[in-house]
*Asks:* 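Starting off with a structure, shown below.
As the structure lists them, so they are numbered: ligands from 1, and atoms in each ligand from 1.
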Amino acid sequence: MTTQTLRAIGLMSGTSLDGVDVAYLETDGETISRFGASATLHYEDDFRADLRRLLDLAPSLAPDDPFLKSVEERITRDHAIAVGLIGRAADVVGFHGQTILHAPERHRSWQIGDAGLLAHICRFPVVHDFRGADIAAGGQGAPLAPLFHAAMAANLPKPLLVINIGGVANLTYLGPDGEILACDTGPGNGPIDDLTQKFFDTPYDKNGEIAANGQVDHARLKQLLAHPFFARPAPKSLDRLTFSGLIAQATENLAPQEAIATLTALAAAAIAQTRLPAPPLRVLVGGGGRKNATLMAKLAAAFPVPVEPVEAAGWDGDALEAQCFAFLAVRSLRGLPLSLPGTTGVPYPMPGGITAESNTNRPCR
Ligand SMILES: Nc1ncnc2c1ncn2[C@@H]1O[C@H](COP(=O)(O)OP(=O)(O)O)[C@@H](O)[C@H]1O
Ligand SMILES: [Mg+2]
């Protein structure tokens, strides 16, 4: 059987709420035959603040809440603009949407975004709801990058550890015999961004400079690492706000740069202490967190092997998650699994995604 290579555009708006990443690739859902353009459309400050507010409100929001609906429409339109930035036609768009709540223990993971509207504007079929089937079957619904990481790393020496540091951090362990194990490791940039915004009126700790000027409070770090999440084996996943209360408590009365240094150490320690089947030969880091030099230095100190940005393997660390959802959209069309027992704890390899059709194939403008 020959499988068709499709032109796919992937979209990701992560828990950092910084913007939407978009990327083009060509794939049959198993191997990637070509990479294309990628871009990030940054959200405007007021919209990022609205999204942040929505995360706090999400647990008590009705599905037809007017604020929710207005944010959903705006985010969908921003995604349509992002698709337009690619400037070429596609057979499918993978639209992750914006997670505003993630509660796998309650069989709930809520991504906002109107796939029908996006398909209507772009005139391409849009695959969305990537996590629903996994969650419904009792899986974590996250992380979903592992099968893409495995395809990207097909020819790299194993064991290999791929880390993504977004608002939440997650890892993929790729074993020598094709084993794939994955989990969220803990908070990533999310709580650091919250504090830089609050104390320095800046959206993130550029290059980790604030953390570099602060002392880690080891007692508080220990208090944070005592949370039972960290002792649980993979697979496991997190809501962006799981640690909010604990972090607020643990950083109370700390000088802002001390608190930021401590949260940076927490992100690194949580990754480094995740139990793996075997020590990796190499650690590759993607996501915006790889640009935080203090975080990268802490990771490098925690692993006895090279810790490098994914660019060291020729990958694009800014586009990786968007490329992932282009890849998963094609897998969805083909009915291939998006997750495995080792990646989300789902009972068997799980296909997923729902396709919103468009009625013409006119490129988005
Ligand atoms: N130069 C930088 N220095 C430090 N942190 C950075 C830098 N650039 C981006 N980041 C961090 O990366 C985040 C965005 O990362 P991203 O991979 O898009 O995460 P997500 O998938 O959660 O949206 C920003 O919010 C910020 O915390
Ligand atoms: Mg982002």
*Asks:* Less than 4.0 angstrom from a charged side-chain N to a carboxylate O is my criterion; do D318 and K291 meet it?
*Replies:* yes

*Asks:* Which residue owns the protein heavy atom closest to atom 13 (C) of ligand 1, what's the atom, and how far is it?
*Replies:*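 Answer for atom 13 (C) of ligand 1: N189 ND2, 3.4 Å.
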
*Asks:* Compute the shortest N/O to N/O distance between T15 and ligand 1 and return yes if it is under 3.5 Å, no if not.
*Replies:*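 Between T15 and ligand 1 (N or O atoms, distance only) the closest approach is under 3.5 Å.
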
*Asks:* Based purely on interatomic distance, does G167 place a nitrogen or oxygen under 3.5 Å from a nitrogen or oxygen of ligand 1?
*Replies:* yes

*Asks:* Taking 4.0 angstrom as the limit, do E308 and R290 come out as a salt bridge?
*Replies:* no

*Asks:* Closer than 4.0 angstrom, basic N to acidic O: yes or no for E209 and K206?
*Replies:*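 K206 and E209: not salt-bridged.
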
*Asks:* If you draw a 6.0 Å radius around CD in E311, do more than 12 non-hydrogen atoms from other residues or ligands fall strictly inside?
*Replies:* yes

*Asks:* Which residue and atom name correspond to the protein heavy atom nearest atom 21 (O) of ligand 1, and how close is it?
*Replies:* G14 CA, 3.5 Å

*Asks:* If you have a sec, work out which protein heavy atom is nearest atom 19 (O) of ligand 1 and how many Å separate them, to one decimal?
*Replies:*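 For atom 19 (O) of ligand 1, the nearest protein heavy atom comes out as S16 OG, 3.0 Å.
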
*Asks:* Numbering the atoms of ligand 1 from 1, which are under 4.0 Å from a heavy atom of G287?
*Replies:* 17 (O)

*Asks:* Using 30° and 60° as the class limits, which term best fits the ring planes of F230 and F243: parallel, tilted or perpendicular?
*Replies:*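 Aromatic pair F230/F243 classed parallel.
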
*Asks:* Give the residue, atom name and distance (to 0.1 Å) of the protein heavy atom nearest atom 7 (C) of ligand 1.
*Replies:* Y204 CE1, 3.3 Å

*Asks:* Does the salt bridge (Lys or Arg N to Asp or Glu O under 4.0 Å) test come out yes or no for E357 and R123, once each step is laid out?
*Replies:* CA-CA 8 Å; E357 294 293 345; R123 309 288 167 171; over 6 Å; no

*Asks:* Considering only protein heavy atoms, which is closest to atom 16 (P) of ligand 1, and at what distance to one decimal place?
*Replies:* G288 N, 3.7 Å

*Asks:* Can you tell me which portion of N207 lies within the under-4.0 Å heavy-atom range of ligand 1? Options are side chain, backbone, both, or neither.
*Replies:*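 Looking at N207 and ligand 1, atoms from backbone and side chain both fall under 4.0 Å.
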
*Asks:* So does E73 pair up with R77, basic N to acidic O under 4.0 Å?
*Replies:* yes

*Asks:* Side chain, backbone, both or neither: which applies to D193 and ligand 1 if a contact is any heavy-atom pair less than 4.0 Å apart?
*Replies:*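 The answer is the side chain of D193.
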
*Asks:* Determine, step by step, whether E30 and R331 satisfy the salt bridge (Lys or Arg N to Asp or Glu O under 4.0 Å) criterion, reporting the C-alpha distance in whole Å, the side-chain angles of both residues, the deciding distance to 0.1 Å, and the verdict.
*Replies:* CA-CA 8 Å; E30 290 174 283; R331 288 183 72 87; 5.6 Å; no

*Asks:* Is it true that E179 and K158 make a salt bridge, defined as a side-chain N closer than 4.0 Å to a carboxylate O?
*Replies:*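 A salt bridge is absent here (no side-chain N lies under 4.0 Å from a carboxylate O).
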
*Asks:* Does V168 approach ligand 1 within less than 4.0 angstrom via side chain, backbone, both or neither, non-hydrogen atoms only?
*Replies:* neither

*Asks:* With 2.8 Å as the limit, jot down which protein N, O or S atoms are around the Mg ion (ligand 2).
*Replies:* D18 OD1

*Asks:* Within the distance-only criterion (no hydrogens, no angle test), does the side chain of D205 pair as donor or acceptor with the backbone N or O of I210 below 3.5 angstrom?
*Replies:* yes

*Asks:* Does NZ or CZ of R53 lie under 6.0 Å from the centre of the six-membered ring of F67, at an angle within 45° of the ring axis?
*Replies:*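 Yes - R53 lies over the ring of F67, closer than 6.0 Å to its centre and within 45° of its axis.
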
*Asks:* For R48 and ligand 1, answer yes if some heavy atom of the residue is under 4.0 Å from a ligand atom, otherwise no.
*Replies:* yes

*Asks:* Tell me, which protein residue and heavy-atom name are nearest atom 18 (O) of ligand 1, and how many Å apart are they?
*Replies:* D18 OD2, 3.2 Å

*Asks:* Counting non-hydrogen protein atoms only, what is the nearest one to atom 4 (C) of ligand 1? Give residue, atom name and distance.
*Replies:* D205 O, 3.1 Å

*Asks:* Check R52, R240, R48 against D193 for a salt bridge (Lys or Arg N to Asp or Glu O under 4.0 Å) and give me the one that passes.
*Replies:* R48

*Asks:* Heavy atom under 4.0 Å from ligand 1: found in R240's side chain, backbone, both, or neither?
*Replies:*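 It is neither; nothing of R240 touches ligand 1.
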
*Asks:* Is the shortest side-chain heavy-atom distance between C183 and T274 below 4.5 Å?
*Replies:*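 They are in contact (side-chain heavy atoms under 4.5 Å apart), so the answer is yes.
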
